[in-house]
Amino acid sequence: MPAQTPRLTHRRVLQIALPILLSNATVPILGAVDTAVVGQIPSPEPIAAVGVGAVVLSAIYWIFGFLRMGTTGLTAQALGERDNCEVSALLARALLIGLAGGVLLILLQSLVFQVAFAVSPASAEVEHMAQSYMQIRIWSAPAAVAIYGLTGWLIAQERTRAVLVLQLGMNFVNVVLDLALVLWVGMGVEGVALATFVAEWTGLGLGIWLCRDGFLGAGWRNRARVFDPARLRRMAALNGDILIRSLLLQAIIVSFMLVGGHFGDVTLAANQVLMQFMMITAHTMDGFAFAAEALVGQAVGARNVAHLRRSARLSGLWCALAAALLALFFLVAGPSLVRSIAADPDVRTAAGVFLPWMVMSPLLQILPFMLDGIFIGATRSADMRNMMAVSAMIYVAVLLLAVPAMGNHGLWLAFQVSFLARGVTLALRYPALERWVARGGT
């Protein structure tokens, strides 16, 4: 008999998703504040340096995104199994892995910076400032990476309001210190870096406090449980699969921008403008994908196929509604958004030509986002890895065929097909997922 699980309602889905939407909305605001504060320095180099340094560190930290996803799936399943000891042990594992990953980045910082600046087009002055920025921020890498694990642990328990509090708390500290250190003390680029350094360590402390109930049980102190070889191997395999999947996805995104560069600066700039629409879509869809991760993971842990199916259906319904509203919003307000982002008339015109791709994009991304959430919650990472590999191959094939014939339209076609392919291939694997849960996950 499957274990009894809490009643799944539309309200429960929204209680998970909406705080994530609000949390995601604060991310670009912080970047804007960083830029605005350092922009008060009467020189373009500090703005460029902060931009380069932040992008490089974000890309490096993004590699550890697997820790967030893997922790969510495993913790949600432990909750479904009513294994509170494992829930507590997973918190300890996630923290230890995050801290160790951050320490590794500190030890390898010289190599990391050298590689980053080898491919950076920045001037010598910007590179010098960016290195000063990164040399300060890298010392908060353990906190930044460990927060991924804490966030995944909270999402698994449907505690997304705590995730929102964590994000808002970090942003508040960052903004206040930005103003104090840059505008009042006059520290410049180093002040922006120090503000983020303090904010990230403060965020780790706040995150641990928000997860304090996980330290009430004995699981996190049970070294045999925390360092159990079988559980560590499972976590390593899961995280490895998710990392490969994420690297393939990032390769598609990077290649999209690189290929777009062959069509000239105006088209490249137009593509970059339209990518902001993609970011809006991703931040919106994330909320419902996270809801699916938590609810599906609990259903899998409880071996409850009916709950799994209803979790997928309700989360998917709200995601589809959000996608439809986004498509309508882009259709009506898209030209105005383009004008607000781009001042150059040629870029505006080019972006308008390719804007229809953004109108259809949210609808094409319903399946991939939702099924990613479902398969993360079920910890079926091998399926995610394999279907991402298939999708990448389909993307390359369409790219080679469509770009010579259609130019930048062909590039956008290949990009959108890659998302659709990921959704369709994962959908084909979904029946096997239900059968696997019905067999007790064996």
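Because the structure is predicted, anything quoted here is derived from the model rather than measured.
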What distance do L150 atom CG and L95 atom CG have between them, rounded to the nearest 0.5 Å? 4.5 Å
Side-chain donor or acceptor of T267 paired with backbone N/O of G264 under 3.5 Å: no
Can a donor-acceptor pair be found, under 3.5 Å and without considering hydrogens, that links the side chain of W436 to the backbone of P431? no
I need the minimum non-hydrogen distance between T379 and L74, along with the two atoms involved. CG2-N, 3.8 Å
F66 vs L238 side-chain heavy atoms within contact, under 4.5 Å: no
Compute whether any side-chain donor of one residue and acceptor of the other, for S336 and R339, lie under 3.5 angstrom apart. yes
Side-chain donor-acceptor pair present, T71, Y148, cut-off under 3.5 Å: no
Candidate pair Q250 and I253, rule side-chain contact (heavy atoms from CB on, under 4.5 Å), full reasoning: CA-CA 5 Å; Q250 190 70 7; I253 295 171; 4.2 Å; yes
Holding to ring pair (Phe, Tyr, Trp, His ring centres under 6.0 Å), I want the full list of residues that pass it with F330, two or more places apart in sequence or in another chain. F277
Q298 and side chain to side chain donor-acceptor pair (under 3.5 Å): which partner among Q157, E158, E81, E293? E158
Look only at the side chain of R303 and the backbone of G440, and say whether a donor-acceptor pair between them is shorter than 3.5 Å. yes
With D83 via salt bridge (charged side-chain N to carboxylate O under 4.0 Å, His left out) - residues at least two apart: R225
Passes side-chain contact (heavy atoms from CB on, under 4.5 Å), S315 versus L295? Steps please. CA-CA 9 Å; S315 301; L295 297 173; 4.3 Å; yes
Is T160 reaching over with its side chain to a backbone N or O of V163, donor-acceptor style, under 3.5 angstrom? no
Is M69 close to R245 at the side-chain level, that is, under 4.5 Å between some pair of heavy atoms? yes
Report the C-alpha separation of H307 and L8 in whole Å, then their side-chain angles, then the decisive distance to 0.1 Å, and conclude whether the side-chain contact (heavy atoms from CB on, under 4.5 Å) test is met. CA-CA 8 Å; H307 189 86; L8 179 57; 3.9 Å; yes
For F113, give me all partners under ring pair (Phe, Tyr, Trp, His ring centres under 6.0 Å), at least two apart in sequence or on another chain. none
Side chains of I366 and M285, heavy atoms from C-beta outward: is any pair under 4.5 Å? yes
Would you compute the distance between atom CG of L154 and atom CZ of R159 and round it to the nearest 0.5 angstrom? 5.0 Å
Who passes ring pair (Phe, Tyr, Trp, His ring centres under 6.0 Å) against F329, sequence neighbours left out? none
Taking all heavy atoms of S381 and all of I242, pick out the closest pair and write down the distance. CB-CG1, 4.2 Å
Does atom CE of M360 have more than 12 heavy-atom neighbours, drawn from other residues, nucleotides or ligands, at distances under 6.0 Å? yes
Identify the heavy atoms of D213 and L210 that sit nearest to each other, and give their distance. OD1-O, 3.8 Å
Can you measure from CH2 (W209) to CG (L166) and round to the nearest 0.5 angstrom? 11.5 Å
Not counting sequence neighbours, which residues clear side-chain contact (heavy atoms from CB on, under 4.5 Å) with L96? List them please. V226, F227
Apply side-chain contact (heavy atoms from CB on, under 4.5 Å) to residues I147 and M170 and explain how you reach the verdict. CA-CA 11 Å; I147 287 171; M170 290 176 60; 3.8 Å; yes
More than 12 heavy atoms of other groups within 6.0 Å of R212 CZ: yes
Counterpart residues, ring pair (Phe, Tyr, Trp, His ring centres under 6.0 Å), relative to W139 (two or more places apart): none
Got V403 and F263 here, is their nearest side-chain heavy-atom distance under 4.5 Å? yes
Flag side-chain contact, heavy atom, 4.5 Å: W412 against L274: yes
Of N386, T425, V396, the one forming a side chain to side chain contact (heavy atoms under 4.5 Å, CB included) with S391 is T425
Counting distance only, does the side-chain N/O of S140 pair as donor-acceptor with the main-chain N or O of R137 below 3.5 Å? yes
Heavy atoms of other groups near W357 CH2, more than 12 under 6.0 Å: yes
Are R234 and D228 close enough for a salt bridge, meaning some N to O gap below 4.0 Å? no
Hey, what do you get for OG1 (T349) to CZ (F354), rounding to the nearest 0.5 Å? 11.5 Å
Give a yes or no on whether R348 atom CZ has more than 12 heavy-atom contacts from other residues, nucleotides or ligands under 6.0 Å away. yes
So do L204 and W201 actually touch side chain to side chain, heavy atoms under 4.5 Å? yes
Ring of F290, cation from R68 - is the NZ or CZ under 6.0 Å from the centre and inside 45° of the axis? yes
Separation between CG of L326 and NE2 of H283, rounded to the nearest 0.5 Å: 12.5 Å
Check against ring pair (Phe, Tyr, Trp, His ring centres under 6.0 Å), F415 and F256: CA-CA 7 Å; F415 194 50; F256 171 84; 4.4 Å; yes
Is a side-chain N or O of S255 found less than 3.5 angstrom from the main chain of A251, in a donor-acceptor match? yes
I'd like to know if the side chain of S88 reaches the main chain of G214, judged simply by a donor and an acceptor atom lying under 3.5 Å from each other, with no hydrogens or angles considered. yes
Between the main-chain N or O of R221 and the side-chain N or O of R223, is there a donor-acceptor pair closer than 3.5 Å? no
OG1 of T9 to CG of L314, rounded to nearest 0.5 Å, is 8.0 Å
Please evaluate residues S361 and Q365 with respect to the criterion side-chain hydrogen bond (donor to acceptor under 3.5 Å, both in side chains), reporting the C-alpha separation (whole Å), side-chain torsions for both, the decisive distance (0.1 Å), and the verdict. CA-CA 6 Å; S361 181; Q365 294 193 57; 2.8 Å; yes
Would a 4.5 Å heavy-atom cut-off, applied to side chains only, mark L18 and L164 as touching? no
Please say which of L248, V417, D372, I252 ends up in a side chain to side chain contact (heavy atoms under 4.5 Å, CB included) with R422. D372
Side-chain (N239) to main-chain (M235) donor-acceptor, under 3.5 angstrom: yes
For A378 and V296, work out which heavy atoms get closest and say how close. N-CG1, 4.0 Å
Using a 6.0 Å cut-off, check whether atom CZ of F215 has over 12 heavy atoms from anything other than its own residue. yes
How about R380 and R429: do any of their side-chain heavy atoms sit closer than 4.5 Å? yes
Show the nearest heavy-atom pair for residues L206 and V165, with the distance to one decimal. CD2-O, 3.9 Å
Closest non-hydrogen atoms of A156 and T75, given as atom of the first, atom of the second and distance, are CB-CB, 3.6 Å
Stepwise, does the salt bridge (Lys or Arg N to Asp or Glu O under 4.0 Å) test hold for E86 with R93? CA-CA 10 Å; E86 180 62 11; R93 279 191 218 115; 2.8 Å; yes
